[in-house]
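Just follow the structure's listing: the first ligand is 1, and inside any ligand the first atom is 1. Heads up: numbering here begins at 1 and tracks the sequence.
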Amino acid sequence: MTKKIKTIVDLRDELTETRKLKKKISLVPTMGNIHEGHLSLIKNAQKQSDYVVVSIFVNPTQFVAGEDFNEYPRTLDSDIELISKLNVNLVFIPDVIELYPMNNKISTEVSIPELESIYCGKHRPGHFRGVATIVSKLFNIVQPDIAIFGEKDYQQLLIIRSLVKNHFLPIEIISLPTVREASGLAMSSRNNYLTESERKKAPMLYECIKTTVNLIINGAKDYEKLEREAKLFLEEAEFKIEYYNICDSETLGPVQGKILVVLAAVWLGKTRLIDNATAHTYD
Ligand code: PAF
């Protein structure tokens, strides 16, 4: 049976017992609205560990003023049902006040200077500090042996890896490929915002990214030209581009290493979509 825990004290009590039994603990952090993407992370966590903790917390600090914090889909009952069906050991569902206590007069944030103000960070100032801060809190509370994230938010993944590396956290970060709908559209809670006609158009983003990747695999080297062509293609289909860039997969700077990543964020009506794909360079 899946245990439902809301407080840090109860969670720690439970996990102290689990650790005494020498069980390998994994954490799958989520903001709820569980879909196939989350389920694949959870199933993988079950394969790689003895005890799985799923956290559900819509983290206010990673939403920028004017964003969809209030509208973000909250579907706790069906989330718990889905998670329980998989026999997850524990679901952690803290209130905001538990993770951001009001009586803390001085706050602490985790910043990632090189990565927090580019790409998604440029368009969502403060977002990645919010992510790094909450993930750091969850890591400290749960102290998992492994933590599992999807690759759809590529920049977030790099930030979490750098948090673990720079803060010497004894946690193995495992990333899993983006789960897609049959159309190729990356699964995301925000897809709920798409209208019927936008949903038909949305897969064009990944098609465009795949085209860029294929051109690179076939020898195209003028990355700026590829970016321009992709943007034009998407703009003609009435996507609003935030960014569409070909960058180094490790630093997100100019391509230097052996693997590059095509990173994109676009708007389709009121919905912001992000996606990416990696490719080997042949220089
Ligand atoms: O990717 C997400 O769902 C969130 O950013 C995360 C990692 C759960 C932190 O709130």
Side-chain angles (χ1 to χ4, degrees), residues 8 11 26-42 44-45 52-64 67-76 79-80 82-83 88 90-100 107-112 115-116 119-121 123-144 146-164 167 169 171-180 186-193 263 265 271-276:
I8 297 171
L11 183 91
S26 60
L27 170 66
V28 182
T30 81
M31 297 212 298
N33 195 238
I34 300 296
H35 52 62
E36 283 299 326
H38 300 113
L39 296 180
S40 93
L41 303 182
I42 295 170
N44 194 280
V52 178
V53 178
V54 174
S55 62
I56 299 182
F57 182 66
V58 184
N59 172 38
T61 64
Q62 69 187 78
F63 289 80
V64 177
E67 284 190 344
D68 57 343
F69 175 67
N70 290 327
E71 294 77 44
Y72 197 83
R74 287 163 173 86
T75 49
L76 193 56
D79 290 351
I80 292 184
L82 284 171
I83 290 170
V88 165
L90 192 158
V91 56
F92 182 46
I93 33 177
D95 289 331
V96 172
I97 200 113
E98 184 75 8
L99 299 192
Y100 295 100
S107 59
T108 311
E109 284 185 332
V110 178
S111 75
I112 328 86
L115 292 181
E116 71 182 32
Y119 304 119
C120 284
H123 295 272
R124 305 183 69 193
H127 165 69
F128 284 124
R129 275 187 189 216
V131 171
T133 302
I134 194 64
V135 170
S136 169
K137 285 179 191 247
L138 289 169
F139 282 176
N140 285 316
I141 294 166
V142 177
Q143 300 185 8
I146 62 179
I148 308 204
F149 295 86
E151 287 167 5
K152 191 191 67 153
D153 196 333
Y154 190 89
Q155 190 171 2
Q156 167 172 287
L157 186 61
L158 284 195
I159 283 169
I160 290 162
R161 286 193 189 283
S162 78
L163 163 72
V164 165
H167 288 197
L169 304 180
I171 301 173
E172 184 191 353
I173 301 298
I174 293 173
S175 70
L176 293 183
T178 304
V179 177
R180 298 182 181 281
M187 290 215 181
S188 162
S189 302
R190 290 194 167 99
N191 292 350
N192 288 321
Y193 304 153
L263 280 187
T271 312
R272 185 173 184 274
L273 303 171
I274 57 170
D275 210 340
N276 69 80

- Message: Would Asn59 count as a polar contact of ligand 1, with the cut-off being nitrogen or oxygen pairs under 3.5 Å?
- Response: no

- Query: Purely on distance, is any nitrogen or oxygen of Gln156 under 3.5 Å from one on ligand 1?
  - Reply: yes

- Message: For Ser189 versus Gly32, what's the shortest heavy-atom pair and its separation?
- Response: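 Smallest interatomic distance, heavy atoms only, reads OG-O, 3.9 Å.
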
- Task: Write down the atom of Gln155, the atom of Phe128, and the distance for their closest heavy-atom approach.
- Result: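 Closest heavy-atom pair between Gln155 and Phe128: CD-CE1, 3.3 Å.
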
- Task: Identify, for atom 10 (O) of ligand 1, the protein heavy atom at the shortest distance, and state residue, atom and that distance.
- Result: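 Nearest neighbour among protein heavy atoms for atom 10 (O) of ligand 1, to 0.1 Å: Gln62 OE1, 2.6 Å.
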
- Message: Please list the nearest protein heavy atom to atom 3 (O) of ligand 1 with its residue and the distance rounded to 0.1 Å.
- Response: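 Protein heavy atom at minimum distance: Met31 CG, 3.7 Å.
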
- Going from CG on Asn140 to CG on Leu169, what distance comes out if it is rounded to the nearest 0.5 angstrom?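 It is 6.5 Å, given to the nearest 0.5 Å.
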
- Message: Is the distance between the ring centroids of Tyr72 and Phe63 under 6.0 Å?
- Response: yes

- Apply side chain to side chain contact (heavy atoms under 4.5 Å, CB included) to the pair Arg272 and Cys120, showing each step before the final yes or no. CA-CA 11 Å; Arg272 185 173 184 274; Cys120 284; 3.4 Å; yes

- Item | Per-atom contacts, ligand 1 versus Ile134 - under 4.0 Å to a heavy atom |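 The list of qualifying atoms is 9 (C), 10 (O).
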
- Just jot down the ligand 1 atoms closer than 4.0 angstrom to any heavy atom of Pro29, in number order.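 This gives 8 (C) as the contact atoms.
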
- Message: Run Thr133 and Glu109 through side-chain hydrogen bond (donor to acceptor under 3.5 Å, both in side chains) and show every step you take.
- Response: CA-CA 5 Å; Thr133 302; Glu109 284 185 332; 5.5 Å; no

- Item | Location of contacts on Asp153 toward ligand 1, heavy atoms closer than 4.0 Å |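 For Asp153, there is no contact with ligand 1 at all, from either part.
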
